[in-house]
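A quick write-up on the structure given underneath.
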Amino acid sequence: MAGGKMKREKPKASAKTAPYQGGISFHKSKGQHILKNPMLVDSIVQKSGIKSTDVILEIGPGTGNLTKKLLECGKMVIAVELDPRMVLELQRRFQDTPYSSRLKVIQGDVLKTELPYFDICVANIPYQISSPLTFKLLNHQPSFRCAIIMFQREFAMRLVAQPGDKLYCRLTVNTQLLSRVSHLLKVGKNNFRPPPKVDSSVVRIEPRKPRIEVKQKEWDGFLRICFNRKNKTLGSIFRQKSVLSLLEKNYKTLCALNIPQQGSADKDDGDFDYSRFGNSNEDQTMEVDDDGADEEMDMDGSDAEGGEGEASEFKDKVMGVLKEGDFEEKRSSKLSLQEFLYLLSLFNKAGIHFS
């Protein structure tokens, strides 16, 4: 510009592109974070305990870094991949190799795919599908031996949490009802390309054999009430008008239909041994902040204060169940799986249901 300093224009920033591998760009929005550390891949495979006769399920194989190691150890790898670009890359990478006949690639959404038989699952999954995928696997039949899965660290810590831990929640109890879960190793975010925003953890999940049989809707309704205010006493939770109203409605409906009242377990004589459902403490310890604030939700309605007639009688019935099992002053955040099972059986024995 005449008579003054010329303003230097900054070059236009080029559009951000995700890192490449083999000419393929990765999209964080799709949860594509590829393991780039070969030592970490080796460690995951080693901890998986793969047998030479195993059919291995891999979810989200990406460009095949983990897939190659799995093919070296097992009999066959079934890889489920949503991204067609990754499917082509996998096929290109292993074609004309000794592994090509032992790799089956299924293109599709794993949550919508009917999974074939497999012995073991080893996967670095998109973190946004962690919860639905975990329960899809745990409900898969025939049951597999174990799953070694990379999760976002906080999610992983919820899976392995123990009663009294800050992260102990409904997800914890539901997962441990169906499986034994242990933490294997922590994985820093810089081991991925592109790096995610948080650290990860590898977890081992072993389906329980035999399964603990519960009525799923009954169990889910029960846990939702218990964990709605997990740091409050159960006596306080079950005195809520909204809770009592729901349970009394179920009670009257079942009575009107003349449905026999029975426990959720096979035995209803009160002598069922729930101690065998205890979880192993091995590899399940974690550090937590004991100063964490209460993680609770306010429920509608205040405490039901000794109403008259049927409402009062039903409240006494509910409180009687809690007192019978010595649960009135206990908190959901500190109850073990077997204690939840026992409490539900007491409610059902008294004709009180949650679905």
Side-chain angles (χ1 to χ4, degrees), residues 131 134-135 138-139 157-182 205-208 210-240 243-244 246-247 250-251 261-281 284 286 288 294-297 299 317-355:
S131 185
T134 298
F135 290 102
L138 288 175
N139 285 294
M157 291 298 97
R158 289 183 185 277
L159 295 186
V160 303
Q162 293 295 293
D165 290 344
K166 183 179 179 181
L167 293 178
Y168 191 69
C169 61
R170 192 159 56 93
L171 171 68
T172 312
V173 180
N174 275 326
T175 305
Q176 294 181 13
L177 173 74
L178 300 172
S179 64
R180 301 184 187 277
V181 193
S182 56
I205 300 175
E206 296 181 41
R208 289 186 182 273
R211 291 168 66 100
I212 300 174
E213 296 299 332
V214 296
K215 295 178 181 178
Q216 194 56 50
K217 289 185 178 179
E218 178 80 359
W219 175 256
D220 185 61
F222 169 64
L223 283 190
R224 284 180 183 276
I225 289 176
C226 291
F227 277 98
N228 204 8
R229 305 173 71 187
K230 73 172 187 178
N231 292 309
K232 295 298 182 183
T233 65
L234 290 169
S236 173
I237 291 173
F238 281 94
R239 282 191 186 92
Q240 292 286 324
V243 173
L244 288 170
L246 172 66
L247 296 182
N250 290 344
Y251 180 76
Q261 307 297 342
Q262 58 186 12
S264 60
D266 292 334
K267 296 183 181 181
D268 58 5
D269 57 6
D271 295 327
F272 197 80
D273 180 16
Y274 287 95
S275 62
R276 70 186 180 89
F277 297 140
N279 296 301
S280 168
N281 290 321
Q284 294 194 17
M286 60 176 284
V288 295
D294 270 6
E295 295 176 6
E296 64 180 57
M297 296 169 58
M299 298 183 69
K317 188 178 185 70
V318 171
M319 292 301 108
V321 171
L322 294 177
K323 289 175 182 176
E324 178 186 351
D326 195 26
F327 285 104
E328 190 174 12
E329 296 302 318
K330 293 183 178 180
R331 305 167 195 273
S332 297
S333 59
K334 298 183 185 298
L335 289 189
S336 66
L337 171 64
Q338 54 266 40
E339 286 177 307
F340 279 115
L341 287 164
Y342 179 51
L343 177 56
L344 179 58
S345 74
L346 290 179
F347 274 122
N348 288 171
K349 186 179 176 182
I352 300 171
H353 291 265
F354 295 81
S355 65

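Quick caveat, the model's predicted, so the values are computed rather than measured.
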A side-chain contact here means heavy atoms from C-beta on lying under 4.5 Å apart; do [X] and [Y] qualify?
{"X": "H353", "Y": "K217", "answer": "no"}
{"X": "L234", "Y": "L343", "answer": "yes"}
{"X": "N228", "Y": "V243", "answer": "no"}
{"X": "L177", "Y": "L341", "answer": "yes"}
{"X": "T172", "Y": "L167", "answer": "no"}
{"X": "F227", "Y": "L171", "answer": "no"}

Could you tell me whether E213 and R208 make a salt bridge, using a distance below 4.0 angstrom between a side-chain N and a carboxylate O?
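Looking at R208 together with E213, the answer is no, because their closest N to O distance does not fall below 4.0 Å.
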Which heavy atom of [X] sits nearest a heavy atom of [Y], and at what distance?
{"X": "V181", "Y": "S179", "value": "CG2-OG, 3.5 Å"}
{"X": "S332", "Y": "C226", "value": "OG-O, 2.8 Å"}
{"X": "L346", "Y": "G325", "value": "CD1-CA, 3.7 Å"}
{"X": "P163", "Y": "S336", "value": "CG-CA, 3.7 Å"}

Would you please name every residue forming a side-chain contact (heavy atoms from CB on, under 4.5 Å) with [X], sequence neighbours left out?
{"X": "N250", "result": "L246"}
{"X": "R224", "result": "R170, D220"}
{"X": "E329", "result": "T233"}

Donor-acceptor pair, side chain of Y168 and main chain of L335, under 3.5 angstrom:
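Yes, Y168 side chain to L335 backbone: donor-acceptor pair under 3.5 Å.
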So, the side chain of Q176 versus the backbone of A161: is there a donor-acceptor pair under 3.5 Å, distance only?
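Looks like yes, one N/O pair under 3.5 Å.
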If the condition is side-chain hydrogen bond (donor to acceptor under 3.5 Å, both in side chains), which residues does S355 pass it with, not counting sequence neighbours?
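Counting only residues at least two positions away or on another chain, S355 forms a side-chain hydrogen bond (donor to acceptor under 3.5 Å, both in side chains) with E218.
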Atom pair [atom1]/[atom2] of [X] and [Y] - distance to nearest 0.5 Å:
{"X": "R229", "Y": "S333", "atom1": "CZ", "atom2": "OG", "value": "12.5 Å"}
{"X": "K334", "Y": "Q162", "atom1": "NZ", "atom2": "CD", "value": "13.0 Å"}
{"X": "L223", "Y": "N174", "atom1": "CG", "atom2": "CG", "value": "5.5 Å"}
{"X": "L247", "Y": "I352", "atom1": "CG", "atom2": "CD1", "value": "6.5 Å"}
{"X": "E324", "Y": "K349", "atom1": "CD", "atom2": "NZ", "value": "6.0 Å"}
{"X": "I225", "Y": "I237", "atom1": "CD1", "atom2": "CD1", "value": "9.0 Å"}

Side chain to side chain contact (heavy atoms under 4.5 Å, CB included) between F238 and V321, intermediate numbers included:
CA-CA 11 Å; F238 281 94; V321 171; over 6 Å; no
State which residues pass ring-ring contact (aromatic ring centres under 6.0 Å, His included) with F354; sequence neighbours excluded, sorted by chain then number.
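F354 satisfies ring-ring contact (aromatic ring centres under 6.0 Å, His included) with F222, F347 once adjacent residues are dropped.
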Test I205 against L178 for side chain to side chain contact (heavy atoms under 4.5 Å, CB included), laying out the working first.
CA-CA 9 Å; I205 300 175; L178 300 172; over 6 Å; no
Could you tell me which residues satisfy salt bridge (charged side-chain N to carboxylate O under 4.0 Å, His left out) with E206, sequence neighbours excluded, listed by chain and number?
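With neighbours one apart ignored, the set is R204.
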